[in-house]
Amino acid sequence: MLFAIWGPIVAVTCMARSYLAWRTARRPVEPALLSTEKRLMVATGLVAATMAVGPTWIVLHSDGYTRAFMLMVIISTMWGGALVQATVFTSTVAFTAANIPVWIVALVVSRSTSGTLGLAVIFFVTIGIAIDNTRRFGRYFTQSIKRQIELEKWDEKGRLLRMIDDMPVAVMTVDPSSFAITYANEPSKLLIKQIEHLLTIKADNLVGMSIDVFHRHPAHQRRILSDPANLPYSARIQLGPEVLDLKITAVTTSDGDYIGPMLTWALVTKEVEAENRIRQLAHYDTLTGLPNRTSFNDELERRLATPGNLAGLLYIDLDGFKLVNDTRGHGVGDMLLAEVAKRLRAVCSAPAMLVSRLGGDEFAVLLPHGNAEEAQAHAARIIEALSVNYDFGHGNIAIGASIGVALAPIHGETAQVLLARSDIALYAAKEAGKGNARLFTPEMEGRIQERVLLEAKLREALRTREGMFLFYQPIVSIETGEVTAREALVRWYHPSRGWIAPAEFVPVAEQSGLADALGSFVLETACREAATWTDRERIAVNISATQLGKGTLPDDVLAALVKSGLSPNRLEIEVTETALLDDEHDVIGDLRRIRALGVRVALDDFGTGYSSLAHLRAFPFDKIKIDGSFVKDAVSRPDCAAVVRAVAELGKRLGVTTVAEGVETLEQLDCLRNEGCMEVQGYFFGRPMPSQADAANVARLDQGAPNKTEFRKEVDNAEANSMEGASDDRRQATGRG
Ligand code: C2E
Ligand code: MG
Ligand code: MG
C-alpha cells in the first residue's frame with residue numbers, strides 16, 4: 001500500500017525536477033544560473049532524503065523478498081540520484097546520508113543476513129564512490145561555468161571594442177590594474193598624431209603604453225581609473241599649448257561587473273580659446289584690456305561686502321574726447337583710449353588699486369582706502385597724467401579729465417550708491433570747468449536732480465520752440481556812431497523758473513548733446529529775422545565749440561542763408577577761443593568753409609581763459625571781440641588798458657575790426673576810443689532786446705516772471721527818463737558826437 005503511494009510521489013517529484021532542469025538548461029550561462037542550480041540541487045537532495053522515509057517503512061514491514069527488492073531499488077535510485085546531484089557536493093551527501101537509516105533498519109530487521117549485509121556493503125561502497133565523484137565533478141562543473149561566464153564577458157568586450165572602432169570620437173580603453181592602454185580606436189591614433197611632439201609615445205605604439213603619459217600627476221589619475229565608484233569623471237588636461245578634454249566612464253558587463261575604464265577624449269584647444277575669449281569679453285574691455293563695468297561692479301561689491309571695509313571710487317570722464325573721436329575718426333579715438341588706459345595703469349599701479357573702463361570715455365579707479373585727501377591727491381595726479389598731450393603721428397591731441405570722488409562707507413556702503421554718488425560728484429566737477437576733481441557732498445544730489453529736470457525741459461523747449469527767443473544787442477562803430485551789426489543772444493523762458501540766463505542753459509545744452517538743436521534754432525531765427533531788417537545791418541550769431549570741427553556747421557550755415565534769403569556778407573559768426581583749443585585743425589577747416597561762403601567770422605571773448613595771439617595767426621578772423629572783463633577795468637587798471645591797446649593795434653596791423661564788449665559808461669567808451677578800438681557793444685548803447693514780433697510776447701512773460709529780462713528794464717528806464725525829461729543821446733558820445 002505505502003509502496004503504491006510512494007511510487008507515484010517519487011514519479012511526480014522526478015517529473016517536476018526534470019521540468020525545472022529543462023527550464024534552467026534554456027537559460028544563458030551566468031553566475032546567477034550557478035546559484036540557481038545549486039539551490040535546485042540542494043532542494044532535490046532534501047526532497048529525496050525526506051522520501052527515504054517511505055522505503056524505511058516498507059523495509060520495516062515487508063517480507064524478506066520485498067525488502068531485498070526495496071534495497072535494490074534504493075541502491076539503483078541512489079546511483080541515479082548521485083548522478084543527478086553530481087554538480088553539488090552537499091546535496092549528494094544529504095541525499096545519500098538520508099538513505100543510511102533505511103539500511104540500518106534493514107540490517108536490524110533482517111538480523112544482518114548475508115544478503116542484506118552484502119547489499120549494505122555495495123551501498124556504502126557506491127556511496128563513497130558517488131561522493132568522491134561528486135566532489136570532483138562539482139569542482140569541475142563550477143569552474144567550467146565560471147570560465148564560460150568569463151568567455152561571455154570577453155565576448156561582450158569584443159563586441160564593445162568593435163563598436164568603439166566605428167565611433168567618430170577618440171576612445172581608448174585601459175586595463176584598470178596595470179593602467180596600460182588596451183585599446184585605442186582610429187580617431188584616437190589620429191588625435192595622438194597631432195600632439196605627438198608633446199608626448200613620449202607615438203600614435204602607432206599606443207596599445208600597451210601606460211596611460212600615465214597624459215598626466216602630470218599620474219597617481220591621481222590611477223586612483224580614479226582603478227575604482228569604478230569614481231566614474232564617470234571629466235577633466236581638462238593641459239599638454240603644452242594644447243588642451244585635452246577627457247571623459248572617463250566605467251565599462252561594465254550586463255550584470256554590472258566592472259570591465260575597465262573607457263576614455264573618450266578630444267583636442268579642445270580651440271574651444272577652450274573661444275571659451276576664454278568669451279569670458280574675457282564678458283569681463284574685460286577689448287580695446288584697453290581693462291576690467292569692464294561688470295567686473296568692476298563685482299569687485300566693488302566684493303570689497304564692500306566685508307564689514308568695515310574702506311574704499312574710494314574715482315569716476316573719471318575724459319574732457320574733449322568726443323570731439324577727437326568725431327573729428328579725427330574712431331581709429332584715433334581708439335588709440336587715445338588705449339593710451340589713456342596705459343597712463344591710468346601707470347598712475348594707479350599699487351596692487352590694491354583697480355582701474356576699469358566703464359564704457360565710452362568713462363573710467364573708474366577703485367582705491368583701497370576711504371581717505372578724502374589721499375583720494376583727491378590721487379585724482380589730481382590722474383588729471384595731470386591724462387592732460388599731457390598725446391601724439392599718434394598726426395600732430396598733438398589734447399584732452400583732459402574730470403573726476404568725481406565718492407568714499408565708502410561715508411558716502412555709501414553699496415556699489416550702486418557709491419557709483420551713483422561718484423557720478424554726481426563727476427557732474428559737479430564738469431560743471432566747475434574741465435580738468436577738475438570733486439568730492440561728493442550731499443548738496444550735490446539736489447543740484448543734480450535740478451540739472452536733470454532742466455535738461456528735460458530744455459529738450460522739450462527746443463523741440464517745440466516754445467519759450468525760446470532771440471534778443472538782439474547793437475554793435476556800434478566808435479567812429480560813426482552807427483550800428484554796424486546786432487548780436488543775437490538766446491533767451492529761454494522756463495515754465496516755472498522764469499527767464500534763465502544763457503550762461504546757465506547753454507552749457508547744459510552743450511553737455512547733453514543739445515548744442516546742435518540750439519544752434520539750428522538760433523541760426524535759422526537770426527537769419528530769418530535779419531532778412532526783414534530795413535537797415536540791413538549784419539547779424540552776429542554765437543556758435544558753441546561743440547558745433548565746430550564736425551564738418552556739419554558750414555552746411556547748416558548755408559541752409560539757414562538759403563532758407564532765409566539773407567546775404568552771406570550780412571552774417572557774422574562768433575566763436576570763442578575754447579573752440580580752437582579742442583581740435584584746431586578741424587575747427588579751422590569748418591571756419592574756412594564758412595568764410596568761403598562769404599560769411600564773416602569773429603573771435604569772441606578775446607582775452608579770457610586761453611587767450612593766445614597764436615590763434616589770431618591760425619585763422620584770418622574778421623573781427624576780434626575784446627572781453628567785457630578788460631573793458632570794465634580799462635579805466636582803473638593800466639594793465640587792462642594795455643591789453644586793450646595791444647589787441648587794438650594788432651587788429652589794425654592785421655586789418656581786423658576790434659570790438660570792445662560790455663561798455664556801460666562814457667568813461668569806458670572814452671578809454672576804448674583812446675586805446676584805438678573800432679567798435680563797441682554794451683548797455684551804454686542798448687541792452688539786448690527782442691524782435692518786434694516777439695516784443696509783446698516777451699512783455700507778457702515779463703509780467704508774470706520772477707525775474708525780468710533786460711527788455712523790461714530798458715522799457716522801465718525809458719519811461720523813467722522821459723518822465724525826468726532827460727534824454728540821453730548816446731549817439732553824441734560816439735562818432736560825429
Ligand atoms: P557773449 O557772446 O560774449 O555775449 C555778450 C554777453 O554780454 C551777453 O550776455 C550780453 O547780454 C552781455 N552784455 C552785453 N552788454 C553788456 C554790458 O554792458 N554789461 C554787461 N554786464 N553784460 C553785457 P548773455 O546774453 O547773458 O550771453 C552770455 C553768453 O552766452 C554769451 O556771451 C555767449 O557766449 C552765450 N550765448 C548767448 N547767446 C548764445 C547763443 O545763441 N548761442 C551760443 N552758443 N551761445 C550764446
Ligand atoms: Mg558773442
Ligand atoms: Mg563775448
Side-chain angles (χ1 to χ4, degrees), residues 458 461-462 465 468-476 483 485-492 499-512 514-527 529-530 538-548 553 556-557 560 571-579 600-609 611 621-635 647 658-669 672 679-691 698 707-714 717 730:
L458 180 61
L462 285 170
R465 298 204 165 172
M468 302 296 309
F469 299 94
L470 282 192
F471 278 27
Y472 300 92
Q473 187 181 31
I475 298 168
V476 178
V483 174
R486 289 183 188 89
E487 181 175 6
L489 296 158
V490 69
R491 297 290 177 267
W492 177 31
W499 297 102
I500 297 185
E504 186 180 345
F505 72 85
V506 170
V508 172
E510 286 172 349
Q511 283 159 25
S512 49
L514 294 170
D516 286 346
L518 177 68
S520 299
F521 162 75
V522 174
L523 249 180
E524 281 172 27
T525 314
C527 291
E529 292 191 332
R538 284 197 295 273
I539 172 79
V541 173
N542 291 287
I543 299 292
S544 287
T546 49
Q547 286 176 268
L548 278 160
L553 190 65
D556 294 346
V557 170
L571 178 65
E572 211 166 73
I573 62 156
E574 291 189 7
V575 296
T576 57
E577 267 184 297
T578 38
R600 287 159 58 91
V601 181
L603 184 61
D604 202 358
D605 300 344
F606 188 77
T608 54
S611 56
F621 288 99
D622 298 288
K623 188 183 263 188
I624 303 168
K625 296 184 80 174
I626 305 166
D627 192 68
S629 55
F630 289 93
V631 174
K632 201 170 103 212
D633 296 333
V635 180
V647 177
T658 45
V659 184
E661 297 183 296
V663 183
E664 294 184 357
T665 64
L666 187 60
E667 292 81 53
Q668 286 170 345
L669 176 66
L672 295 165
E679 295 183 358
V680 278
Q681 177 185 0
Y683 296 163
F684 187 70
F685 298 96
R687 289 174 182 263
M689 303 284 270
S691 68
V698 171
N707 49 353
K708 311 274 183 261
T709 60
E710 45 274 84
F711 170 55
R712 186 75 220 161
K713 287 171 196 150
E714 190 81 345
N717 275 347
R730 295 178 191 96

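Just follow the structure's listing: the first ligand is 1, and inside any ligand the first atom is 1. Below, all heavy atoms of this structure are taken into account, side chains as well, without hydrogens, waters or symmetry copies.
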Check your understanding: Can you tell me if Glu661 has an N, O or S atom under 2.8 Å away from the Mg ion (ligand 3)?
Key -> yes

Point to revise | Metal check, the Mg ion (ligand 3) vs Asp627 N/O/S, cut-off below 2.8 Å | key: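 No, since none of the N, O or S atoms of Asp627 sits under 2.8 Å from the Mg ion (ligand 3).
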
Point to revise | Winner among Glu664, Gln681, Gln668 once heavy atoms are compared against atom 17 (C) of ligand 1 | key: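 Of the listed residues, Glu664 has the closest heavy atom.
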
**Study point:** From the candidates Phe521, Tyr683, Phe685, Phe471, the one that places a heavy atom nearest atom 13 (N) of ligand 1
**Key:** Tyr683

Review point. Counting heavy atoms only, which part of Pro688 comes closer than 4.0 Å to ligand 1: side chain, backbone, both or neither?
Key: side chain

Check your understanding: So which bit of Val522 gets within less than 4.0 Å of ligand 1, heavy atoms only: side chain, backbone, both or neither?
Key -> side chain

Practice item. Find, among atoms of Asp604 that are N, O or S, the one nearest to the Mg ion (ligand 3), and state its name. Key: OD1

Study note, to complete from the structure: Only one of Glu679, Glu574, Glu577 passes salt bridge (charged side-chain N to carboxylate O under 4.0 Å, His left out) with Lys625, and that residue is Glu574

Practice item. Could you confirm whether Thr576 has any N/O/S atom lying under 2.8 Å from the Mg ion (ligand 2)? Key: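 Short answer: no, not a single N, O or S atom is under the cut-off.
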
Exercise for review: For the Mg ion (ligand 2), decide whether Glu574 has an N, O or S atom at a distance under 2.8 Å.
Suggested key: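 A backbone or side-chain N, O or S atom of Glu574 is under 2.8 Å from the Mg ion (ligand 2).
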
Review point. Does an N or O from Gln473, backbone or side chain, lie closer than 3.5 Å to an N or O of ligand 1?
Key: yes

Check your understanding: Under 4.0 angstrom from ligand 1, any heavy atom of Arg491?
Key ->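 Under 4.0 Å: yes for Arg491.
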
